There are 2 protein chains.
Amino acid sequence: MDKSQPENLKNVGLKSTLPRLKILGLFESGQERHMSAEDVYKQLLSTGDDVGLATVYRVLTQFQQAGLLVRHNFEGGKSVFELNQGKHHDHIVCLQCGHVEEFYDSAIESRQKKVAAELGFEVHDHSLQIYADCTKAKCPNKR
Amino acid sequence: MDKSQPENLKNVGLKSTLPRLKILGLFESGQERHMSAEDVYKQLLSTGDDVGLATVYRVLTQFQQAGLLVRHNFEGGKSVFELNQGKHHDHIVCLQCGHVEEFYDSAIESRQKKVAAELGFEVHDHSLQIYADCTKAKCPNKR
DNA sequence: AATGCAAATGAGAACGATTATCATTCACCT
DNA sequence: AGGTGAATGATAATCGTTCTCATTTGCATT
Ligand SMILES: [Mn+2]
Ligand SMILES: [Mn+2]
Ligand SMILES: [Zn+2]
Ligand SMILES: [Zn+2]
């Protein structure tokens, strides 16, 4: 019971087609948590599961609208997607190796609501990324 | 003494040309604090100060590298620039009217350093935008 | 299992933002 | 004023993404 269930798709109003199952399966495989359209496209190509690039873009957007995926706009121009696990979190991105770490800090979260309220805004959502240097062994950390 | 000082440019290693003075002057005029390349281009056109779009892009990047401007990547694809006033701040963007409000919260700032440190990162910088609905009179706030 | 049809796909064109090219013009130092 | 290397601007090129549309597919119905 660890394969992409077509029910997942039917439940959100999307007919379960081969391209959609492959793309969802790739995210569920857990190999790579945060992937761009290009990442997904190349990954599928590499395993012989050819899916058109246009379809990848379309499906990723549909999955996001259906709540299956979450889209992030990190620096670098391209959108990145990840499985929606229900719980919100923010990201730390290593400027050297691109490694992404996730975190959640309730103090930061509540402070944002407070600040917004004081300025007369009703928060919809937010985007927080910390850009830093990580200490991973393979990281070509220069400083 | 409220006009763009050519010294500003010389001091950061940029020769003071007409296009550069016009662009810097526009930001210093205080009319609009956050502007995209397109915003700057159109603003200059509207006052007869024609500057090529390529030059606008080039100069904005140069000003950012020189520390005169700060670049932000809000949602919507295009980069937005603002005068660098030395002090860091984050933004609340209204999803309806695009109105941008600035804020600084030391609790949020310090919490970020702490979170990063615990994960073994040395913070370089960060990007925080709150997307919300504002209460401005002219805002076509739908909800 | 064959049929029908709306929905999905994929190749390629189109698009918007940004960057690269390169011939012409300009800022600034003799 | 003249010389030179940097800056400009028109345009082509690039990148990520969306659009178009002819073809294929999922799936409900015979
Ligand atoms: Mn994540
Ligand atoms: Mn600002
Ligand atoms: Zn958060
Ligand atoms: Zn901040």
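Since the structure is predicted, the reported quantities are computational estimates derived from the model, not experimental observations. The figures here come from the full heavy-atom set of this structure, side chains too, leaving out hydrogens, waters and symmetry mates. Below, chains carry the letters A, B, ... as their sequence lines are ordered, and counting in each starts from 1.
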Applying side chain to side chain donor-acceptor pair (under 3.5 Å), run through Ser127(B) and Gln129(B) and close with a yes or a no. CA-CA 7 Å; Ser127(B) 163; Gln129(B) 289 93 234; 2.9 Å; yes
Would you please test Arg33(B) and Gln85(B) for side chain to side chain contact (heavy atoms under 4.5 Å, CB included) and show each step? CA-CA 11 Å; Arg33(B) 181 156 177 74; Gln85(B) 17 173 208; 2.7 Å; yes
Let's go through Leu14(B) and Phe63(B) carefully: what are the C-alpha distance in whole Å and the side-chain angles of both, what is the deciding distance for side chain to side chain contact (heavy atoms under 4.5 Å, CB included) to 0.1 Å, and is it a yes or a no? CA-CA 9 Å; Leu14(B) 295 172; Phe63(B) 282 4; 3.8 Å; yes
Run the side chain to side chain donor-acceptor pair (under 3.5 Å) test on Glu102(A) and His34(A) for me, step by step, so that the C-alpha distance in whole Å, both residues' side-chain angles and the decisive distance to 0.1 Å come before the verdict. CA-CA 11 Å; Glu102(A) 309 184 328; His34(A) 304 91; 2.9 Å; yes
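Base engagement by Thr55(A) is indicated by at least one non-hydrogen atom pair under 4.0 Å involving a base atom.
Of all nucleotides in DNA chain D having an atom under 4.0 Å from a heavy atom of chain B, the first and last in 5' to 3' order are dG5(D) to dT11(D).
To the nearest angstrom, P of dC26(C) lies 15 Å from CG of Leu21(B).
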Short N/O separations, protein against nucleotides 1-6 of chain C, under 3.5 angstrom:
none

Please list, pair by pair, any protein nitrogen or oxygen found under 3.5 Å from a nitrogen or oxygen in nucleotides 13-22 of chain C.
from    : atom 1 : to       : atom 2 : distance (Å)
dA17(C) : OP1    : Lys78(B) : NZ     : 2.9
dT18(C) : OP1    : Ser79(B) : N      : 2.7
dT18(C) : OP2    : Tyr57(B) : OH     : 2.8

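Taking Ile, Leu, Val, Met, Phe, Trp and Tyr as members and joining any whose side-chain heavy atoms lie under 4.5 Å apart, directly or through other members, Val70(A) forms no hydrophobic cluster with any other residue.
Using a 4.0 Å cut-off between charged side-chain N and carboxylate O, Arg71(A) and Glu82(A) make no salt bridge.
For the residue pair Phe121(A) and His99(B), the shortest heavy atom distance occurs at CZ-CD2, 3.9 Å. Heavy-atom minimum distance, Cys134(B) versus Cys97(B): SG-SG, 3.6 Å.
Residues meeting the ring pair (Phe, Tyr, Trp, His ring centres under 6.0 Å) test with Phe74(B), sequence neighbours left out: His72(B), His91(B). Leu18(B) meets the side chain to side chain contact (heavy atoms under 4.5 Å, CB included) test with Lys22(B); sequence neighbours excluded.
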